[in-house]
Each structure stands twice: as C-alpha cells, then as structure tokens.
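A quick write-up on the structure given underneath.
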Amino acid sequence: MARHFDPFRQAPSGWIFHCDADAFYAACHMAEDATVRQRPLAVAGDPKNRHGIIVTANYVARRLGIRTGMNVGAARELCPQLVVIEPDKSLYRRYSQGLHNIFSQYTHQIEPLSLDEAWLDMSGVMTLKDDPVPVAKGLQTQVGAAVGISVSVGISVNKMLAKQVSDWNKPEGITVLRYNEIADRLWPRPVFELFGCGPATAEKMARLGIETIGDLAHQRVGNITHHFGQHGLALRLRAAGDDYTPVIIPRPEDRRSVSAEHTTAYDIVRGEDVLRLIGQCAGEVSDHLESLGLVGYKLAIKWRTRDFATHTRQTASYGALQSRDGIFRLASRLWRESGEKRPIMLAGVSVSRLGPPSQQLHFWNEGIDPSLGP
Ligand SMILES: [Mg+2]
C-alpha cells in the first residue's frame, strides 16, 4: 500500500477517528500518583536545571500560564507551587500500550502516529450514515476507566481531516467534521493550524497573501508547487480536504532496531556511573522489545567523549536478547572491552537483527552448538 496521495483511490466508506491523549506525559504521572492529580504539574527534560525545557504541562498548570517550551526557571517564577517531573519513557510506553489495547477493541485497522496518538479506520465497523459520537464517547469512557487518562477524538472522512479536528475541543473533546462542512468550519482557520505547516512556511504563505486554510485550498496547484515544492502540494491537498492515504497497520517485523540513549548534564567520569547509565538504557530497550514482542541477536553500545566524538562497539549474540539482564550483561562487557577511560557525556544501547522469539530455535537447529557438529 502506498503512503503517497493516490487520486484513484476511493474515499473511505466509514469514519476515521484520530485519537489523541490529552497532555499525555503529565496525565501518566497524574494517573500514577494521586497526590499530584489536583496540582499544577509539568514534565521537563532537566527539572533541577533552571534552563531545562518544559515538554508538557497538565491543564491546571496551563490555566496558570505554563506553556510547552518555557524553561523551568520562568515557569517556577510564574507558578512557585509547580511540580516539575523528569520524563519517564518506560512509564509512557506502558500507558501507550494500555491505550492501544483499548483502541484494538474497536477496530484492527490502527495506525499509531506517536505514543499517544493513533488513527482508527472505522469503515469495517460503521458507515458514514452512522452517528460516530456515541462510539467515540464509549471509547473515551473505556480509556478513562482502564488506563486512567483522557483522550480527545477527531472524526472525519479521512486521516488528515480527523487529525486536524482532534485539537479543536481539548481536553476530552469529540469533534466531527463532515465533508460538506469543510468550507464553513475548516477554511476560516489560520493556515498555520494545518498539520505539517511549520512557522517558516506559514510566514512565507502570509507574504503571498495566504492567511487561512481556505486561501490555501483555493490556490492553483502550479503556483503552490512553484513556491513550496512537493511539501506545498501536500499542504494544498490537505487544505482542500483531499487525502486518501489509507490507515496503515505497522508490522513489528519491519523494525530494524530498538535503541535508547541518554545525554548527561555533566561529564561522567566514574566507571560505575557509566554502567548505571548503560543499565538504564538496557532497561528501556528491554521494555520496548517486550512491548513489540521481539527479540534481537545483535547489540551495539555507543558513547560520546568530551570532544563530541561518538564511538561505537557491537557484537553478535548467540542467545536471544530481550531481558534487561541479558542486554546489560553484553553491553557492559562491550564497555569494559572498549577500555575507554575519558569522561563521557552520552551513552546508548541498541539491539538489532530483530525477530520473533521462536527464531532462537533456528539457531540451535542450524548447529551453532559445537557438540552437534558433523
Ligand atoms: Mg496528545
């Protein structure tokens, strides 16, 4: 199935849902810890550092003026009682899995867009004549009860329109945009709201007199490709509501590797601290492999020294790698063998040559065990 625009493809016969969790990272921490639920809360890359950047904030904090992209110092000045938490990727992956489990009870045609966003093709479940709102309400209620977070749902006739409108009524919103409502409800909105339209593109469009999504939808295709190339063409089609890209189910076996890495605020000098960082990466890679149901047979470590040079070492593994301990054992062996003594500022672990766990059998069947040799 092609990802690009296909003018010969029929529009879908059923609704496309775009489900997007509200303030996802913050919501995961609130679901985990009842004591922070009512308090203003932000997730920041480096909470102890004044210059750390806020990645997301809950709605209590947003009402007090806290915004994504603010630094921790400015946010604390604005809101001294702000709870600032460090990101916890494995926590987010766990909640993401919970979300996905609920989505898959509604349809098997699911395309994840990020940890907390996915498109659901409901055409196998209902037609465009059916009211999608009660179904979306049911999904929201189920996510709330089982996962403990809230989602907003954008509903339309294609992926891009659904994605476009899921933002309109956050949090806990449900927004339906029918094809014949595009002119009244989508076109008056500013062009920078269009998915994929960055600030630089929006600025250049403004200079050409293109202020709204409707302005863009009415541009001649030749004019747009002249100024903005293929990307402009994609935006122009999106503005007109023309998008027939199918919901594509990702196949886990298409994935080539799973990795995790961490940069540190200070140089790490002591070997045991490097191993602790490698252990953290190993745990994250292990969690991720487990959630994908995959094992790997090749492992690499990487580290960066103070001169910004990146170094790597890799090795094959005879046994299937998935557990934290297995990954950590091999990664720390590679680290010791590297003989690196200089301070480092980044460490990472990656596992590749992925496959389903049963592949382990092939290794033995193929006579890797020397005692079974000819
Ligand atoms: Mg979200």
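When a ligand or atom number is given, it counts from 1 through the structure's own listing order.
Closest approach between the Mg ion (ligand 1) and any N/O/S atom of Asp116 involves OD2. The atom name of the N/O/S atom in Asp20 closest to the Mg ion (ligand 1) is OD1.
Listed for the Arg306 side chain is no donor-acceptor partner under 3.5 Å among the backbone atoms of Pro343. Distance alone, capped at 3.5 Å, places no donor-acceptor pair between the Arg304 side chain and the Ala347 backbone. Gln322 places no side-chain N or O within donor-acceptor distance of the main-chain N or O of Gly296, the cut-off being under 3.5 Å.
For a distance bound of 2.8 Å, the N, O or S atoms of Ala21 include one lying that close to the Mg ion (ligand 1).
Ring centroids of His29 and Tyr95 are separated by 6.0 Å or more, keeping the two rings apart.
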